[in-house]
Amino acid sequence: MTQIRSQPVSRRPGELGVHSLDHFNFSVPDLEQARKFYSFFGLDVREEGNRINLHTHGHPHRWGSVVEDSRKKLQFISFGAFEDDLPRFRERLEAMRIERIDPPPGVHSNGLWFRNPDGVAHEIRVAEKSSPNEKSTLESISSPAGIAGAPANSTKPLVRPRRLAHMLVFTRDIPKTIAFYRDVLGLRLSDRSGDMIAFMHAIHGSDHHVIAFVKADGPGLHHVSWDMPSINEIGLGAMQMADKGFTAGWGLGRHVLGSNYFHYVRDPWGSYSEYSADVDYIAVDQDWKGGDHPPEDSFYVWGPTPPADFAINHEGAAA
Ligand SMILES: [Fe+2]
């Protein structure tokens, strides 16, 4: 987190776009189960009324909230914008005839609320830029000759993710979704694989993707991803979750698009929480030369075979 704050806030002059994926909100049928899962994962889980808020230890930002409802469902996604850009976003929504909606019940916010093409509520709100202003560091630790490098199992440290990295959501229509997030929120396409998956970044300096989309029969949350300082800590995190009974998932591996090292832990609702490290970064003054990549050159460079149901939307078409 220190590397987020050590750099001045980056901003691309004259162009309108959100700067961060500010926070997400989804429901689950058992909030206590969620509290345990994310606490074991290494997050700072704070209870507030009838919801839990997901923080990373030592960082003031609230990256997400989980509420209790009859089933797991992506409720809304909130993006952060610079204060003086908010009137321009308001004008843009009006010019595009995008219907404004009220905030969801129980949410107090004076941001701009509307729905994406899949009907999922979205917000643009004034917020501190929580996306990093430079590429996050990757630590590699090696011990000198004569000193044992690995800790004992009994003394291995618990991992703590540094920040939210991104989220991946299901959508019915990839081309329509790319156009919507480009034209409304000002995100830019980083890379895609046909009409199956797409990755988008924020124009004021962000990771290769703040949000990504995968085609399905309806909207839903596939995974949320958390930035880790090292590949070693991805492995430690996977063991930390396995020790608590969360053995299902996918990893260790390395993605092609975005380049990050990963381990996904399956949550109790069939979606995933990802430990991620060294994802590509797109600086504020760079125009990323993305592409449309064949499926075999999109998913992963190395790693175990993914679970057969990895891309299944358990929220279903009824969402
Ligand atoms: Fe991811």
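Note that ligands are numbered from 1 as they come in the structure, with each ligand's atoms numbered from 1 the same way.
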Considering only NZ, NE, NH1 and NH2 on the basic side and carboxylate oxygens on the acidic side, decide whether Asp85 and Arg11 come within less than 4.0 Å. yes
Assess whether a salt bridge exists between Asp207 and Arg163, defined as any Lys/Arg side-chain N lying under 4.0 Å from an Asp/Glu carboxylate O. yes
Pairs where residues 38-49 contributes a residue and the test side-chain hydrogen bond (donor to acceptor under 3.5 Å, both in side chains) is met, not counting sequence neighbours: Asp44-Arg46, Glu48-Arg51, Glu48-Asn53
So, for Glu128 and Asp22, which heavy atoms are closest and what is the spacing to 0.1 Å? O-OD1, 4.3 Å
With 2.8 Å as the limit, jot down which protein N, O or S atoms are around the Fe ion (ligand 1). His166 NE2, His223 NE2, Glu274 OE1
Test of understanding: with ring pair (Phe, Tyr, Trp, His ring centres under 6.0 Å), list the residues that count as partners of Trp113, not counting sequence neighbours. Phe76
Across all chains, not counting sequence neighbours, the ring pair (Phe, Tyr, Trp, His ring centres under 6.0 Å) partners of Tyr281 are none
